[in-house]
Trainee: 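I have a structure I would like to understand better, so I am pasting it below and will then ask my questions one at a time.
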Amino acid sequence: MNKNEQFVITINRELGSGGRTIGRKLAEKLGVNYYDKAIIEGLTEKYGLSAEQIEKYKAEKKSWWSEMKDSLLGSHGDEHAKPTTASMFETERQILESIAKEESCVVAGRTGFLIFREWKNRLNIFIQASTEHRIERLISKGRTYQDALDTIDVVDEGREEYLKKYSDRSRYDTRNYDIVLSMDHLTEDDAVETILFCIDRMSK
């Protein structure tokens, strides 16, 4: 990936690994916007978007994303129903591709590496950690040990099943990624600095 040209960085992460925080800090260091599932869902709720509605907006006005971005980043409306699960992948794909065509960005989510696998100037990252490390992190946020363990099991299974609905890949296959980091002995800032070092090397 060349940071001197328009780029997209995708971050897939295990719950409790710190991947979301790493994504936000990385985006801040690079001076670009950060997007995750909550932001995308905020857009679909605020504007009632489906894949078909996005196509309509794109046909009417090519700069539709630029005009929505400021209000999206500042609020999460609930005027419309979310798209169905069956259409969500296509809706996410349309939104993320529209974002990446207009600006460099960091995208955190279960499908980012899949959506952008054919993009030339992209970097796919996977943030993982041992189960005990993940449990400790969730406990520090107020969960009990058993609740943390149960939540990790449910989320891991759900994310893997979601991806397999739309591809023959596993999110745990390291061949999906350019960088894989284990957080057991790293702080979030350590991870960001490691990624930035790799990006600098790639950009030379």
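Excluded from the calculations below are hydrogen atoms, water molecules and symmetry mates; all remaining heavy atoms, backbone and side chain alike, are included. Position 1 is the first residue of the sequence; numbering continues from there.
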Trainee: Give every donor-acceptor pair under 3.5 Å between a side-chain atom in residues 148-158 and any protein atom, sequence neighbours left out.
Mentor:
residue	atom	partner	partner atom	Å
Asp150	OD1	Gln146	NE2	2.9
Thr151	OG1	Arg143	NH1	3.1
Thr151	OG1	Asp147	O	2.7
Asp156	OD1	Arg134	NH2	2.8
Asp156	OD2	Arg134	NH1	3.2
Asp156	OD2	Arg134	NH2	3.2

Trainee: Whether the side chain of Asn176 engages the backbone of Asp173 through a donor-acceptor N/O pair (distance < 3.5 Å, no angle test) should be reported.
Mentor: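 Yes; at least one donor-acceptor contact below 3.5 Å.
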Trainee: Identify, with sequence neighbours excluded, every residue that meets side-chain contact (heavy atoms from CB on, under 4.5 Å) alongside Gln6.
Mentor: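 By the side-chain contact (heavy atoms from CB on, under 4.5 Å) rule, Gln6 matches Ser104.
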Trainee: As a quick check of understanding, evaluate salt bridge (Lys or Arg N to Asp or Glu O under 4.0 Å) for Arg24 and Glu28, giving each step before the final call.
Mentor: CA-CA 6 Å; Arg24 288 176 177 155; Glu28 183 178 347; over 6 Å; no
Trainee: Under a 4.5 Å cut-off applied to non-hydrogen side-chain atoms, are Leu181 and Thr194 in contact?
Mentor: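 Contact flag for Leu181/Thr194 side chains = yes.
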Trainee: Specify the closest pair of heavy atoms between Asn4 and Ser203, including all atoms of both residues, with the distance to one decimal.
Mentor: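 Heavy atoms only, the tightest pair is ND2-O, 4.0 Å.
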Trainee: Within a strict 4.5 Å, meaning less than it, do heavy atoms of the Phe113 and Leu163 side chains meet?
Mentor: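 Yes, side chains in contact.
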Trainee: Please check: side-chain N/O of Glu14 versus main-chain N/O of Ala129, any donor-acceptor pairing under 3.5 Å?
Mentor: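 Such a contact is found between Glu14 side chain and Ala129 backbone.
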Trainee: Decide yes or no for Ile125 and Ile9: does some side-chain heavy atom of the first lie under 4.5 Å from some side-chain heavy atom of the second?
Mentor: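 Contact flag for Ile125/Ile9 side chains = yes.
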Trainee: Can a side-chain donor-acceptor contact be found between Ser130 and Asp184 if the only test is distance below 3.5 angstrom?
Mentor: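 On atom types as modelled, these side chains qualify, holding a pair under 3.5 Å.
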Trainee: Answer whether the closest heavy-atom distance between the side chains of Glu188 and Val192 falls below 4.5 Å.
Mentor: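 A side-chain contact under 4.5 Å is absent here.
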Trainee: Between Asn121 and Asn2, is there a donor-acceptor pair closer than 3.5 Å when you use the side chain of the first and the backbone of the second?
Mentor: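 Answer holds: yes.
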Trainee: Roughly how far apart are Cys105 SG and Leu96 CG, rounded to 0.5 Å?
Mentor: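 Output value for this atom pair is 7.5 Å.
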Trainee: Just checking, any donor-acceptor pair under 3.5 angstrom between side chains of Thr187 and Asp190?
Mentor: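 There is such a pair between these side chains.
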Trainee: Between the main-chain N or O of Arg171 and the side-chain N or O of Glu160, is there a donor-acceptor pair closer than 3.5 Å?
Mentor: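 Flag set: sc Glu160 to bb Arg171 pair under 3.5 Å.
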Trainee: Go through the steps for Phe126 and Ile179 under the test side chain to side chain contact (heavy atoms under 4.5 Å, CB included), then give the verdict.
Mentor: CA-CA 6 Å; Phe126 186 54; Ile179 298 173; over 6 Å; no
Trainee: State, with a plain yes or no, whether a side-chain heavy atom of Leu123 is found less than 4.5 Å away from one of Met202.
Mentor: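 Leu123 reaches Met202 side chain to side chain.
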Trainee: Please report the shortest heavy-atom distance between Trp119 and Val8, naming the atom on each side.
Mentor: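 For Trp119 versus Val8, the nearest heavy atoms are CE3-CG1, 4.4 Å.
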Trainee: Begin from the C-alpha positions of Leu30 and Ile199 and carry the test side chain to side chain contact (heavy atoms under 4.5 Å, CB included) through to its verdict.
Mentor: CA-CA 10 Å; Leu30 291 169; Ile199 291 172; 4.3 Å; yes
Trainee: Do Arg20 and Ile11 come close enough that some side-chain heavy atom pair is under 4.5 Å?
Mentor: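 SC-SC contact between Arg20 and Ile11 ruled out.
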Trainee: Where do Lys25 and Tyr34 land on the side chain to side chain contact (heavy atoms under 4.5 Å, CB included) test, with the steps shown first?
Mentor: CA-CA 9 Å; Lys25 289 187 173 187; Tyr34 166 84; over 6 Å; no
Trainee: Look only at the side chain of Arg117 and the backbone of Leu114, and say whether a donor-acceptor pair between them is shorter than 3.5 Å.
Mentor: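 Present.
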Trainee: Between the side chain of Thr10 and the main-chain N/O of Val107, is any donor-acceptor distance below 3.5 Å?
Mentor: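 No; zero donor-acceptor contacts below 3.5 Å.
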Trainee: Would you call Tyr172 and Gln128 a side-chain contact if the rule is heavy atoms closer than 4.5 Å?
Mentor: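 Not in contact.
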Trainee: Would you compute the distance between atom CG of Leu15 and atom CD1 of Ile127 and round it to the nearest 0.5 angstrom?
Mentor: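 That separation rounds to 14.0 Å.
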Trainee: Mind checking whether Ile95 and Tyr35 have side chains closer than 4.5 Å, heavy atoms only?
Mentor: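 Heavy-atom side-chain distance check fails, nothing below 4.5 Å.
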Trainee: What is the distance from atom CE of Met1 to atom CD1 of Ile195, rounded to the nearest 0.5 Å?
Mentor: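 One finds 10.5 Å between CE of Met1 and CD1 of Ile195.
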Trainee: Quick check for you: to the nearest 0.5 Å, what is the distance between Tyr162 atom OH and Thr111 atom OG1?
Mentor: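 Reported value, rounded in 0.5 Å steps: 5.5 Å.
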Trainee: Working to the nearest 0.5 Å, report the span between CD of Glu97 and CD of Glu102.
Mentor: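 Rounded to the nearest 0.5 Å, the CD-CD separation comes to 13.0 Å.
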